[in-house]
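These notes concern the structure reproduced below.
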Amino acid sequence: MYRKKIRPVLFWILVIYLVPGAALYLLQKKLIFHPDALAADYKFQFDVPFEEIKIPVKKDEILSAVLFKAKAPKGIVIYFHGNARNISKYASKMPDFINHGYDVLMMDYPSFGKSTGPLVESEIYANALHMYEMARQRFSPDNIIIYGRSLGSGVAAQLASIRDCRRLVLEAPYYSMTDMANRFAPIYPYSLMLQYKFPTNEYLKKVTAPVTIIHGTDDHTVPISSGKKLEALFKPGDKFIAIDGADHNDLHKYTRYHQALDNALQ
């Protein structure tokens, strides 16, 4: 009698566990990425000088990027943006770099903007390497800064782990995508479930360039506790700069953020 009563309870516990888990697995791409695609003939319009770049990476696959131009550039920032929309969203941040004398090269991930191809982690890394190769055509590694914001922090860290640069700057970074998922629902084996790992922590261990991390203390998208875990991987001279009161999308409103950027870009 006892066994008959317990079986339905176990069944429903299993259903309650498995159904949301299956949904998280099947919908992970939509949960992580929020792209806005643009037509191939869309005309970019920005308030700073720029050049649109299209790179055929494979048959029927295009890597779309924009080079924002400084007047007399002393170097270049390879900028990897966050998980939403496309290059147009982040163009307003470009004067911060251009005013320091840096060109900025920014790509869109596959299915973002005009970039096409499969939205898989390996393709993103391969496209990031194309950006580095393009930057190297004009500048030496000592004049290249690799910058990653939010989702882009994992991409930036991966690139800096295999290529030399002047500095790696991570804005509102996460320890890993697994760490982020565990904060959302810590009852699932994400190391087995996730198709997108973005292990910033693993890549940061291999970065030989100086590292600067900038993170808001009130970040509700990527908690500062996730970014703070990366500090344990620092080399001597690496810096973690907490911006008191800043959230995920308003760091630019704080003087301390601009001070940190001034130091990183000097």
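Distance check, rounded to the nearest 0.5 Å: OG of S150 to CG of N83 gives 5.5 Å. We find the OH-OG distance between Y175 and S225 to be 12.5 Å, quoted to the nearest 0.5 Å. Going from atom CZ of F50 over to atom CG of L105 covers 14.0 Å, rounded to the nearest 0.5 Å. Between the CZ atom of F44 and the OG atom of S88 there is a distance of 5.0 Å, given to the nearest 0.5 Å. Distance check, rounded to the nearest 0.5 Å: CD of Q266 to CG of D262 gives 8.5 Å. The line from NZ of K30 to NE2 of H34 is 11.0 Å long, rounded to the nearest 0.5 Å.
Of the candidates F198, F80, Y203, Y203 is the only one forming a side-chain contact (heavy atoms from CB on, under 4.5 Å) with Q158. Tested against F68 for a ring-ring contact (aromatic ring centres under 6.0 Å, His included), the candidates Y102, F46, F97, Y79 yield a single pass: F46.
In terms of heavy atoms, R256 sits closest to A242 at NE-O, 3.5 Å. Nearest heavy-atom pair across G245 and T217 is N-OG1, 2.7 Å. Here the shortest heavy-atom pairing between C165 and A209 reads O-CB, 3.4 Å. Pairing each heavy atom of A260 with each of I214, the nearest pair is CB-CD1, 3.8 Å. For I144 against A135, the heavy-atom pair with the smallest separation is CD1-CB, 4.0 Å. What you find for Y109 and G152 is that their closest heavy atoms are OH-CA, 3.4 Å.
Criterion: ILVMFWY side-chain heavy atoms under 4.5 Å apart, direct or through other members. Under it, I146 and I98 are not part of a common hydrophobic cluster. V77 is not connected to I53 by any chain of hydrophobic side-chain contacts under 4.5 Å among Ile, Leu, Val, Met, Phe, Trp and Tyr, and they are in different clusters. Following chains of ILVMFWY side-chain contacts shorter than 4.5 Å, one can reach L63 starting from I162, so the two form part of one hydrophobic cluster. If you chain together hydrophobic residues whose side chains sit under 4.5 Å apart, V207 and L265 never meet in one group. The same ILVMFWY cluster, assembled from side-chain heavy atoms under 4.5 Å apart, contains both L230 and F240.
The side-chain heavy atoms of N143 and I76, taken from C-beta on, include no pair separated by under 4.5 Å. Residues S226 and M180 have side chains in contact (heavy-atom distance under 4.5 Å, counting atoms from C-beta outward). Counting heavy atoms from C-beta outward, P210 and L168 have side chains that stay 4.5 Å or more apart. Looking at K69 and V48, their side chains never come closer than 4.5 Å, going by heavy atoms from C-beta outward. The side-chain heavy atoms of I78 and Y147, taken from C-beta on, include no pair separated by under 4.5 Å. Side-chain atoms of Y254 and D244, non-hydrogen and from C-beta on, never get closer than 4.5 Å to each other. Side-chain contact between N127 and V57: present, with at least one pair of heavy atoms (C-beta onward) separated by less than 4.5 Å. Contact check for Q195 versus Q28: side-chain heavy atoms found under the 4.5 Å cut-off.
Side-chain atoms of D103 do not come within 3.5 Å of backbone N or O of L67 as any donor-acceptor pair. No side-chain donor-acceptor contact under 3.5 Å links S153 to the backbone of G148. Distance alone, capped at 3.5 Å, is enough to place a donor-acceptor pair between the N99 side chain and the P95 backbone. Counting only distance, with no hydrogens or angles, the side chain of D219 and the backbone of T221 share a donor-acceptor pair below 3.5 Å. Side-chain atoms of N201 do not come within 3.5 Å of backbone N or O of S176 as any donor-acceptor pair. Listed for the R136 side chain is a donor-acceptor partner under 3.5 Å among the backbone atoms of F139. In this structure, the side chain of Y174 engages the main chain of L151 through a donor-acceptor pair within 3.5 Å. In this structure a side-chain-to-backbone donor-acceptor pair under 3.5 Å is missing from D218 to A246. Looking only at distances, a side-chain donor or acceptor of H215 sits under 3.5 Å from a matching main-chain atom of V222. For the pair K89 (side chain) and G82 (backbone), a donor-acceptor distance under 3.5 Å is absent.
Screening residues 105-127 for salt bridge (Lys or Arg N to Asp or Glu O under 4.0 Å) gives E52-K114, K58-E123 as the qualifying pairs, with residues at least two apart or on separate chains.
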Inset, instruction - Please step through side chain to side chain donor-acceptor pair (under 3.5 Å) for the pair H252 and D96, ending with a clear verdict. - result: CA-CA 9 Å; H252 64 281; D96 287 337; over 6 Å; no

Margin query: Test side chain to side chain contact (heavy atoms under 4.5 Å, CB included) on I87 and M107; report intermediate values, then the result.
Written below: CA-CA 7 Å; I87 289 170; M107 74 176 196; 5.7 Å; no

* Asked: Which is it for I124 and L119 under the side chain to side chain contact (heavy atoms under 4.5 Å, CB included) test, yes or no, and what are the steps along the way?
  -> CA-CA 7 Å; I124 294 174; L119 184 52; 4.0 Å; yes

Notebook entry, point to check: Would M177 and K197 satisfy side chain to side chain contact (heavy atoms under 4.5 Å, CB included), going step by step from the backbone distance to the final call?
Noted result: CA-CA 5 Å; M177 200 56 68; K197 308 291 187 180; 5.6 Å; no

Using the side chain to side chain contact (heavy atoms under 4.5 Å, CB included) rule, take K239 and V211 through it: C-alpha gap first, then chi angles, then the decisive distance, then the call.
-> CA-CA 6 Å; K239 300 176 182 179; V211 176; over 6 Å; no

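The number of heavy atoms from other shown groups lying within 6.0 Å of NZ (K205) is above 12. For K235, the NZ atom counts as densely surrounded, since its 6.0 Å shell holds more than 12 non-hydrogen atoms of other residues, nucleotides or ligands.
At a cut-off of 3.5 Å, with distance as the only test, no side-chain donor of S140 or D142 sits close to an acceptor on the other residue.
In this view, R167 and T212 satisfy the side chain to side chain donor-acceptor pair (under 3.5 Å) rule, not counting sequence neighbours.
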